[in-house]
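Here is the structure we will look at.
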Amino acid sequence: MMKTETSTAPAPAAFEPRITAFVCNWCTYAGADLAGTSRLQYASNMRIIKLPCTGRIDPLFVLKAFENGADAVLVSGCHPGDCHYTSGNYHARRRWTLFRKLLALTGIGDDRLFFSWVSAAEGQKFADLVNDVTAKVRKAGPFCAVHPGRRAS
Amino acid sequence: MKTLGYFPGCSLEGGGIELDLSVRAIAKAAGVDLREIEDWNCCGASAAHSLNHSLAVALPYRVLALAESQGLSEVLAPCAACFSRLKGTQVRLARSPELSQRMQEVVQRPYQGGVRILNINEFMASLLEAGLAQKLTRPLGLKVVAYYGCLLSRGQDIVTGDDAEDPKGMEAAIRAAGCESLPWNCANECCGGGFSMSKTGAVLDLSQAVLDEARAAGADAVVTGCPMCHSNLDMRQMELVKRRRIPGALPILYLSELLGLAAGLEPAALGLDRHFIESRGLVRGGV
Amino acid sequence: MARIGVFICHCGENIGRTVDCAAVSAAAAKMPGVVVGMDYKYMCSDPGQQMIRKAIIEQKLTGVVVGACSPRMHERTFRAAAAEAGLNPYLLEMANLREHCSWVHSNQAEATQKAIDLVRVMVAKVRRNRPLRPIRVPVEPTALVVGGGIAGIQAALDIAAGGKKVVLVESGPSIGGHMARLSETFPTLDCSQCILTPRMVEAASHPNITLMTYSEVASVEGFVGNFTVTIRRKARYVDPAKCTGCGDCFNKCPIKKIPNEFDAGLGLRRAIYVPFPQAVPNKPVIDAAHCTMLQKGKCGLCAKVCPRGAIDYQDQDRLEKVKVGAVVLATGFQLWDHAAYGEYGGGRLRDVIDGFAFERLASASGPTAGLIKRPSDGKEPKTVVFLQCCGSRDDKVGKKYCSKICCMYTAKHAMLYRHKVHDGRAVVFYMDVRAAGKGYEEFVRRAIEADGAEYVRGRVSRITRRRDGKLVVLGADTLAGRPVTIDADLVVLADAVVPRPGSEKLAQLFGVGYDQDGFYSEAHPKLRPVETAAAGVFLAGACQAPKDIPETVSQASAAAAKVLGLFAKPELEREPVIARVNRTTCAHCRACISACPYGAAKDFDIVDRAGKVLRAVADVNEGLCQGCGTCASVCRSHSVDLDGFTDEQIHAELNAL
């Protein structure tokens, strides 16, 4: 109920979402580099914040990203078992699962939060992921919970 | 009693009537109720898809739509060609929402994709699992070769859970009937298929190769699930015998006949008296 | 006051083509704290670096952002340049305008806007950067080499020759690997054993090398310079210290019919065995799965005949810890199992064999003493069909990649066969002949022209066994455009090269990446082909990708050089990305301590001058901390922070978006 009231609005035709991605340095950042060296084309809506590990992600960062006008947040790190720091991604996953529920309670749902594993070898997966997330967020429309004013624009 | 949709197709009402008789008999023995799809139509067989793609999909689509509307979630298509057409259409529809949309307009019936199609091998395997194995009280002690041909071995996503190059789908049922399934080289070779009428010579050559290999492997009989294969190997075998191209006759049995015999059913009830090649002598002690 | 310089690189046209670099540097110049915004064709070139150095000195910069390629490429370059100009290198950050922007977008307006955003984020971050100093850690100058094939042997010998200690771990009872199984080697037809066995002996006798055969890596702790690796020494049931290798035990062992793995199952071995006569160490082990004494408590013959009392049925696996500073992974490969090809008999046709089986048939030390005899009836095959790309270049059933070595060894097989069976026919089915290497193409031509191997371009669709025992090979000759049927006596499949089983688990132990096929990932495909993403762990041989012997040996020597380079200094410098605890706010909830994967976060007592404990807090051990930051994000009171990625920096980045 709350979700429909606060976070979804009819999308204007030219809506270009702003997506903030938190990625780890060893897998997804390198996977994004590989997408680059492979010259895979993808939507330009995402801005990457590089962290050493997804384990570094404080839930506050995600809230901060929304507060600063992001329409969606992506978190992506190493595949389970492949964490450069042994287990940081497991910590991230546990925290993420809980945090997601908490966010859902506030009305920020699955259409705003994305989680994925992308390894350093998965350039194509990264490109597909960005396109997929961008398309979904474009469909979901602007995120207005924190910035109600954006609904009009 | 379990109810299963049933699509006989043209073969089972004509040249392949033994398959119909034996499948119905074994289903009855296993306590499965086969409910024929009402108002079913031709699957398109080998003719439609070489002439008109839309027709080749529309015909099976109508059958699937009928089955769904009649509340049949699982449909048995004993004929290998019917199975291949129905399941192939199912696969194509699942891959392309546009095709589904188009077919809905062409056939004027909705189909949600909720029907599971079984071929004869899958059907027999499911019967065995559901308790038929205990009813096979008459082990036949035959050495047979399992002949899949093309339609029961090939087709990506159509024949699933089996290796197209080394099919095994009949093995368990053959063993359950107290028979030995011999290794041989022609399990998925071509019988000549639809050239039976137009290029009989080619069919004779191909069928002969299959029969030669079966005999070389030491088989008492060839087991198949396809009416086309059966007709080429059974009916055309008479010609080969007459021309002395093969040393003797080799019985060709449907998998359902084999299991029916093992269940102690009467050979005539299974249609064994309708074969061109005498097969009734296979059962121990004769009939 | 922050004085930030922003330098935008065109990277020739790589960035400049899609990103308006001048617009980016102009926009950057207006960002808060920025005093210089410049762009240049090649920022990494000497004049480009000079531009940065000059600006740092003249403009008294307090921070630098370079908008160029990925920091993985040139962060080190630019930080070194900044250091030369007297700026702490950790006050320089890079915005990734190439891999993450210009190369993946084509719309100039969008790409330029994204580039400006990326630069703004980095400017915001760098304003909060603090000078950091690299961390120095002592190095344990001993290397661990995992895998005792030619790659591991070569790496171990080179490191040992450099005067450093090596622990060489091999999972099998003997070192030597696959190379010991080969008959001759292309393109010179050297006898493989003749060139390998002296090296095996040298490795075993070198004072700097500790050989651990029949051993596996069980667990790994620590980091570059200071690994603690636990080795599982598998029970041999034979005490190597007492055993003299006389052979009485395995000559008497009554369990005789075990297919010998070394001979690709063509020969037989006993339950107590050495895999091959030239094994190093030449001391047997008992195969517990087949030994009746160990299984049922019956027999004990080997213990009775052993003159030295070396047999110990009570032997158990032991764990041994070694401290090493660097690791070379050289776990090698195996052949893909062609049983997945039903059309080639699904692995059931005895006369359809793989390349290793043919090597053993052709080898003078093999089960047939070098005579080519087919497995089913021991007859000499008069027609042999060799089938290349079996499982390679087939992503439906097999593997997508080219296994690289098969074209060459198939040519060698055809050649060896023709040398041994003069009236025999060798037919090779191929997709392409890939003979790139010194003397390789000439070698293939020799097989065709001088030795009469018949090369047929095309695939084989089916192999069946006829009742007379002939293998009927049905194939296509795509050059002639017709099907071909060959009655063969023996078929040799050039199965794809795949990593060894368990290689993925080993990679996870060491934190090394691997690709979808299980091959280990190098740090950079071109410029760092020997290193991995895990510092101090290097690669040698076919565990990284299919390789032939010369390539494997080259990489092994390269890995050894990397290890020796690492050991050249007594201390290592590490990136100062480590966690710090603010003791005044720490409530000692211990969340960080339980979250730390390295045991770097520990309890710490704050004491007064008298030594009385005032308060307990958490503390981070600099040497152990690897900088993942998990502790920082679990801290309830935000008392733990990560240098280089502080909360303040990340929030600044987010605010700039």
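Heavy atoms only: backbone and side chains are in, while hydrogens, waters and symmetry mates are out. Every chain is numbered from 1 and lettered A, B, ... according to where its sequence line falls, protein lines coming before strand lines.
Atom CE of Met73(C) is separated from atom CG of Asp33(A) by 10.0 Å, given to the nearest 0.5 angstrom. The OG1 atom of Thr37(A) sits 7.5 Å away from the NE2 atom of His524(C) when rounded to the nearest 0.5 Å. In this structure, CD in Glu653(C) is found 11.5 Å from CD1 in Ile48(A), a value given to the nearest 0.5 Å.
Counting heavy-atom pairs closer than 4.5 Å to chain C, the top-ranked of the candidates Cys27(A), Ala35(A), Ala30(A) is Ala30(A). In terms of heavy-atom pairs under 4.5 angstrom with chain A, the leader among Leu118(C), Asn96(C), Val634(C), Thr630(C) is Thr630(C).
Remark: side-chain polar atoms of Asn68(A) are not paired, donor with acceptor, to backbone N or O of Leu657(C) under 3.5 angstrom. Between the Gln41(A) side chain and the Trp103(C) main chain, a donor and an acceptor come within less than 3.5 Å of each other. Using a distance-only test at 3.5 Å, with no hydrogens or angles considered, a donor-acceptor pair links the side chain of Arg72(C) to the main chain of Asn25(A).
Across every non-hydrogen atom of Lys114(C) and Tyr42(A), the tightest pair is NZ-CE1, 4.3 Å.
Counting heavy atoms from C-beta on, the side chains of Cys628(C) and His91(A) never come closer than 4.5 Å. Inter-residue side-chain proximity for Phe61(A) and Ser633(C) is flagged as unmet; no heavy-atom pair is nearer than 4.5 Å. Taking the side chain as every heavy atom from C-beta outward, Asn107(C) and Ser44(A) never approach each other to under 4.5 Å.
In this structure, chain A has a heavy atom under 4.5 Å from the side chain of Ile650(C), while its backbone stays farther away. Within the 4.5 angstrom heavy-atom criterion, atoms from both the backbone and the side chain of Tyr29(A) approach chain C. Contacts of Ser106(C) with chain A are made by both backbone and side-chain atoms, with heavy-atom separations under 4.5 Å. For Asn14(C), the part lying near chain A is the side chain, with the backbone staying farther off; criterion is any non-hydrogen pair under 4.5 Å.
The pair Asp647(C)-Arg56(A) meets the salt-bridge criterion, since a charged nitrogen lies less than 4.0 angstrom from a carboxylate oxygen.
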